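Have a look at the structure below, then the notes.
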2 protein chains.
Amino acid sequence: MRVTAQRHHIYDAVNRLRHATPETILAEVTAVLPGVNLSTVYRCLEALEAAGLVSHTHLGHTPLTYHAIEDHAHIHLVCEGCGQVVSVDAALAAELRSRVAREHGFDIDPTHMAMAGRCSVCRLGGRDD
Amino acid sequence: MRVTAQRHHIYDAVNRLRHATPETILAEVTAVLPGVNLSTVYRCLEALEAAGLVSHTHLGHTPLTYHAIEDHAHIHLVCEGCGQVVSVDAALAAELRSRVAREHGFDIDPTHMAMAGRCSVCRLGGRDD
DNA sequence: GTATATGCAAAGGGTTTGCACGGTT
DNA sequence: AACCGTGCAAACCCTTTGCATATAC
């Protein structure tokens with residue numbers, strides 16, 4: 001894998017940002033490397049992911065989010081009320097994982113897609129949307 | 001809520017199809033009601049959902065899928081190898097739900113977003129994608 | 001009769017692709 | 001020198017929106 005300035009800075013941006021989207025990564029990288037293109041960001045992220053250096057999570061309605069591999073061991077909870085993203089320990093899904101594996105032979109990765117729900121504030125506040 | 005032929009047929013199509021997407025619903029409805037428009041499908045689904053008659057699930061890379069409310073009590077597992085969608089009882093996530101509720105005050109709806117993973121076939125077959 | 005749904009066409013957001021140029025190895 | 005990565009522009013897919021017409025109430 002070739003080392004280019006773009007890949008380097010994109011990798012750095014992912015490590016620096018929380019819930020980094022291609023757009024926020026582009027903004028971050030452009031500050032130090034003007035002229036970078038969005039499609040380059042997409043292609044670099046793909047390459048970095050194939051190389052096992054970053055990974056992505058689907059949050060739902062928003063664009064894909066990327067994060068460093070080490071940050072990966074949590075489940076993302078997206079509040080349908082306020083959109084807030086809460087991260088919780090992936091170990092909380094251990095029992096679900098083992099039961100699904102046992103009963104259905106399916107190996108779940110609970111970190112790859114967020115789970116929807118309602119945060120405490122929206123739940124108590126009765127916020128509908 | 002007004003009862004129109006479109007809404008009626010779209011509702012029927014959702015009840016008939018599995019993992020109904022707006023496109024597959026359109027095809028189904030067009031067969032019996034030619035000239036229906038995709039945007040009508042989207043708007044009707046929105047109305048039916050607001051009325052509590054259908055609900056939708058995010059499967060990941062694919063378009064939204066709609067289903068009848070009664071069918072709703074399962075978690076969708078999407079295999080990253082073959083794309084297969086497996087449905088399992090939502091009760092399997094009961095412990096995860098209560099722990100997250102207790103520890104984070106967050107009320108998870110495990111049915112709204114699918115969970116990614118690998119089905120038994122792809123796991124054993126070592127399929128990468 | 002009036003408010004709401006529909007069809008159509010166009011726009012929108014996120015992501016992917018084709019191609020020629022430039023940079024890494 | 002060969003190949004891979006980049007910038008640019010256009011295309012792509014899914015979804016939403018504006019507007020005039022048609023329809024349910």
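Below, chain A is the first sequence line, B the second, and so on; all start at residue 1. Nothing here was measured: the structure is a model prediction, and the numbers come from that model.
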Residues which pass side-chain hydrogen bond (donor to acceptor under 3.5 Å, both in side chains) with B:N37, listed by chain and number, not counting sequence neighbours: B:S39
Residues in side-chain contact (heavy atoms from CB on, under 4.5 Å) contact with A:L92, at least two apart in sequence or another chain: A:V88, B:L96, B:R99, B:V100, B:E103, B:H104
B:D12: side-chain hydrogen bond (donor to acceptor under 3.5 Å, both in side chains) partners, not counting sequence neighbours: none
Axis deviation across the helix from C:dG1-D:dC25 to C:dT25-D:dA1, five-pair ends, to the nearest 10°: 30°
Contacts of A:R97 that satisfy salt bridge (charged side-chain N to carboxylate O under 4.0 Å, His left out) - sequence neighbours left out: A:D107
Positions of residues 43-54 of chain B (non-hydrogen atom under 4.0 Å from DNA chain C), listed by number: B:R43, B:C44
Rounded distance (Å) that lies between atom P of D:dA22 and atom CZ of B:R7: 19 Å
Partner residues of B:E28 under the side-chain hydrogen bond (donor to acceptor under 3.5 Å, both in side chains) criterion, sequence neighbours left out: B:R16
ring-ring contact (aromatic ring centres under 6.0 Å, His included) partners of A:F106, counting only residues at least two apart: none
For A:A27, side-chain contact (heavy atoms from CB on, under 4.5 Å) partners two or more places apart: none
Those residues of residues 23-42 of chain A lying under 4.0 Å from DNA chain C by at least one heavy atom: A:L38, A:S39, A:Y42
Residue pair B:H76 / B:T111, side-chain donor-acceptor N/O under 3.5 Å: no
Proximal nucleotide (of C:dT24, D:dA24, C:dT15) relative to the A:R2 side chain: C:dT24
Whole-Å distance separating the NE2 atom of B:H8 from the C1' atom of D:dT23: 17 Å
Qualifying ring pair (Phe, Tyr, Trp, His ring centres under 6.0 Å) pairs with a residue from residues 27-53 of chain A, counting only residues at least two apart or across chains: none
Residue list, side-chain hydrogen bond (donor to acceptor under 3.5 Å, both in side chains) with A:T24, at least two apart or on another chain: A:T21
Between D:dC14 (P) and A:H58 (NE2): distance, integer Å: 15 Å
First encountered from the 5' end of DNA chain D, between B:H61 and B:M1: B:H61
Side-chain N or O of B:Q6 closer than 4.0 Å to phosphate OP1/OP2 of C:dG7: yes
A:H112 ring center within less than 6.0 Å of A:H58 ring center: yes
